[in-house]
Amino acid sequence: MIEKKRSSTNLTSVTEKVMPKFLLAIATISILTTLGIVITLLTETINFFKDVPFLDFYTGTILNPLGDDAQFGVLPLLTGTIYSTVIAMFVAIPVGLMAAIFLSEYASDKVRRILKPILEILAGIPTIVYGFFAYTFVTPLLRSFIPALDPTNILSPGIVMGIMIIPMVASLSEDAMSSVPNSMREGALALGSTKLEVTWKVVIPAAISGVIASFVLGISRAIGETMIVAIASGSNKDFTFDLTQSMQTMTAYIVEVTGGEAPAGSTIYYSLYAVAMTLFVFTLIMNLVAQYISRKYREEY
C-alpha cells in the first residue's frame, strides 16, 4: 500500500514537471508558425518589390498582371476588399447586435436554448454554398430592383458575407452581455430605468470590450473571406467605386492567380505574396486599433 502511494506520488511529481514544458512547447509551435508565415511573406514580398516599385504598387490604379505590359497596382483590389467588408458589416453588426440583445436581455432560457443553436447553424454552412447562394439567388433578386446590377458584382457577396458573419457577432456579443453581473441590472431597474435603458446605458457599456471584439473578428472574417467573393463578385480589376459592377478582392486575386499559370519566380507569382502581405498588415493594424479602443473603454467602464 505504501509502495502504491509512493509510486502515485512520483507519477504526480513527474507529471507536474513535464506538463509545463509540454504546454510551453505547444505554445511555442504557434509562435514559430506565425514567425514562419511572416518571414515567408517578407522574403517573397521583397523579391516582388525588386521588380515593381513600392509606390507604383500601392498608388497604382491599373492591375494587369498578364502580358508584356504588365502593371501591378493594388488599389483596385483594396477597393473591392474594403467595399465588400463595409457592406458585410452594415448587415452583420446591426442584426447581430440586436439578436445578441434579444438573447441576453429579453429571451427566456427556453427560447434562448432554442434560438441560439439555430442562429449558429449559419456559421456551419460551407462558404462555397454561400457563394452560390449569392450568385444564383441574391444577385437575381437584387437585379429585379436594380436593373443596372451586373451579373457579378460586389453588392451581392457583401450582403451574403454579412449574413454569414451574423452568428459570430451575435454569439460573442451575447456572451459578453451575459457575463455582466445581474446586480448592475437590478440596481439600474431599482433606480427607475426601463429595461431598454438598462440594456443601452448599463449592459452594453459594461460589455463593450467583448462587443467590440466581436465586431473586429467579424471584420477580419469579412476581409479574409475567399469563396463567396471568388464566385459572386467576379474578376474585374478596374478601379471603380460603383457597387453595381464587378470588383475583385485581394483574396479572390490570390485564388485566380494560383489557379492559373503563374510560374514560380515570375513577377505575377511574387505579386501573390505582396497582396498577401498587404492583407496581413491591413488586418494587423485593424486589430491593434481595436485592442486600443477596447482597452480604453474597459478603463472607462
* **Side-chain heavy-atom pair Thr85, Ile219 within 4.5 angstrom cut-off** => yes
* Flag for Tyr83-Thr249: side-chain donor and acceptor within less than 3.5 Å -> no
* Asked: With ring centroids as reference points, do Phe241 and Phe239 lie under 6.0 angstrom apart?
  -> yes
* Run the numbers on Thr43 and Tyr273 for side chain to side chain donor-acceptor pair (under 3.5 Å), then give the verdict. => CA-CA 9 Å; Thr43 303; Tyr273 292 94; over 6 Å; no
* Asked: Should Val275 and Leu42 be counted in the same cluster of Ile, Leu, Val, Met, Phe, Trp and Tyr side chains packed under 4.5 Å apart?
  -> yes
* To do: Answer yes if the ring centres of Phe54 and Phe49 are under 6.0 angstrom apart, and no otherwise.
  => yes
* Asked: Ser156 side chain to Thr152 main-chain N or O, any donor-acceptor pair under 3.5 Å?
  -> no
* **Residue pair Met184 / Val203, side-chain heavy-atom distance below 4.5 Å** => no
* To do: Drop me the distance from Thr61's OG1 to Leu78's CG, to the nearest 0.5 angstrom.
  => 12.0 Å
* Donor-acceptor under 3.5 Å (Asn153 side chain, Asp150 main chain) -> yes
* Derivation of the side chain to side chain contact (heavy atoms under 4.5 Å, CB included) call for Ile212 and Ser209 -> CA-CA 5 Å; Ile212 290 177; Ser209 60; 6.0 Å; no
* To do: Go through the steps for Ser214 and Ser173 under the test side chain to side chain donor-acceptor pair (under 3.5 Å), then give the verdict.
  => CA-CA 6 Å; Ser214 73; Ser173 297; 2.9 Å; yes
* Structure fact -> Distance col, row Thr79:OG1 vs Asp242:CG, nearest 0.5 angstrom, shows 12.5 Å
* Checking side chain to side chain contact (heavy atoms under 4.5 Å, CB included) for the pair Lys237/Glu256: CA distance, chi angles, key distance, verdict? -> CA-CA 12 Å; Lys237 299 175 180 61; Glu256 181 189 18; 2.8 Å; yes
* Asked: Looking only at heavy atoms, which two atoms of Val169 and Phe215 are closest? And how far apart?
  -> CG1-CE2, 3.7 Å
* Evaluate the side-chain proximity of Arg221 to Thr127: yes if any heavy-atom separation is below 4.5 Å, no if none is. => yes
* **Student check: side-chain heavy atoms of Phe133 and Ile128 closer than 4.5 Å** => no
* Should we count CZ of Phe102 as having more than 12 external heavy atoms under 6.0 Å? -> yes
* To do: Show the numbers, then the answer: is there a side chain to side chain contact (heavy atoms under 4.5 Å, CB included) between Tyr106 and Leu196?
  => CA-CA 10 Å; Tyr106 291 92; Leu196 185 61; 3.8 Å; yes
* **Ser233 side, atom OG; Met247 side, atom CE - distance, nearest 0.5 Å** => 9.5 Å
* To do: Could you tell me which non-hydrogen atom of Leu243 sits nearest to which non-hydrogen atom of Leu149, and how far apart they are?
  => O-CD1, 4.4 Å
* To do: First locate atom OG1 of Thr199, then atom CD1 of Ile101, and finally report the distance between them rounded to the nearest 0.5 Å.
  => 6.5 Å
* Asked: Heavy-atom distance under 4.5 Å between the side chains of Thr244 and Ile146, does that happen here?
  -> yes
* **Co-membership, hydrophobic cluster, residues Ile223 and Ile285, 4.5 Å side-chain** => yes
* Linking I/L/V/M/F/W/Y whenever any side-chain heavy atoms sit under 4.5 Å apart, do Ile62 and Leu77 land together? -> no
* Hey, could you give me the CG/OG distance between Leu155 and Ser246, rounded to the nearest 0.5 Å? => 12.5 Å
* Group every Ile, Leu, Val, Met, Phe, Trp and Tyr by side-chain heavy-atom contacts under 4.5 Å, then state whether Ile231 and Val129 land in the same group. => yes
* Asked: Are the side chain of Ser84 and the backbone N or O of Thr81 linked by a donor-acceptor pair below 3.5 Å?
  -> yes
* To do: Take Thr45 and Tyr270 through the side chain to side chain contact (heavy atoms under 4.5 Å, CB included) test and state the conclusion after the steps.
  => CA-CA 6 Å; Thr45 301; Tyr270 289 129; over 6 Å; no
* Asked: Okay, side chain of Thr139, backbone of Thr136: is any donor-acceptor separation there less than 3.5 Å?
  -> no
* Asked: Take atom CZ in Phe137; do more than 12 heavy atoms of anything else shown fall under 6.0 Å from it?
  -> no
* Asked: Looking at Leu189 and Ser193, what are the two nearest heavy atoms and their distance?
  -> CD2-O, 3.4 Å
* **Test item: side-chain donor near acceptor, Tyr253 and Ser235, under 3.5 Å** => no
* Asked: Ile31, Ile26: one ILVMFWY side-chain cluster at the under-4.5 Å cut-off?
  -> no
* **Nearest-0.5 Å distance, CG of residue Leu119 to CD1 of residue Ile114** => 14.0 Å
* Structure fact -> Tightest non-hydrogen contact, residues Gly60 and Pro76, listed as O-CD, 3.9 Å
* Asked: Under 4.5 Å between any side-chain heavy atoms of Glu225 and Tyr130, yes or no?
  -> no
* Close side-chain approach of Glu105 and Arg185, heavy atoms under 4.5 Å -> yes
* Go through the steps for Phe57 and Phe48 under the test ring-ring contact (aromatic ring centres under 6.0 Å, His included), then give the verdict. => CA-CA 10 Å; Phe57 180 68; Phe48 172 76; 5.1 Å; yes
* Kindly give the heavy-atom pair with the smallest separation between Ala222 and Ala88, and that separation in Å. => CB-CB, 4.2 Å
* To do: Tell me yes or no: between the side chains of Thr240 and Asp238, is some donor less than 3.5 Å from an acceptor?
  => no
* So which heavy atom on Tyr135 is nearest to which on Pro151, and how close? -> CE1-O, 3.8 Å
* Asked: Any luck finding a side-chain donor-acceptor pair between Ser178 and Glu174 under 3.5 Å?
  -> yes
* Would you say Leu24 and Lys21 make side-chain contact, with heavy atoms under 4.5 Å? -> no
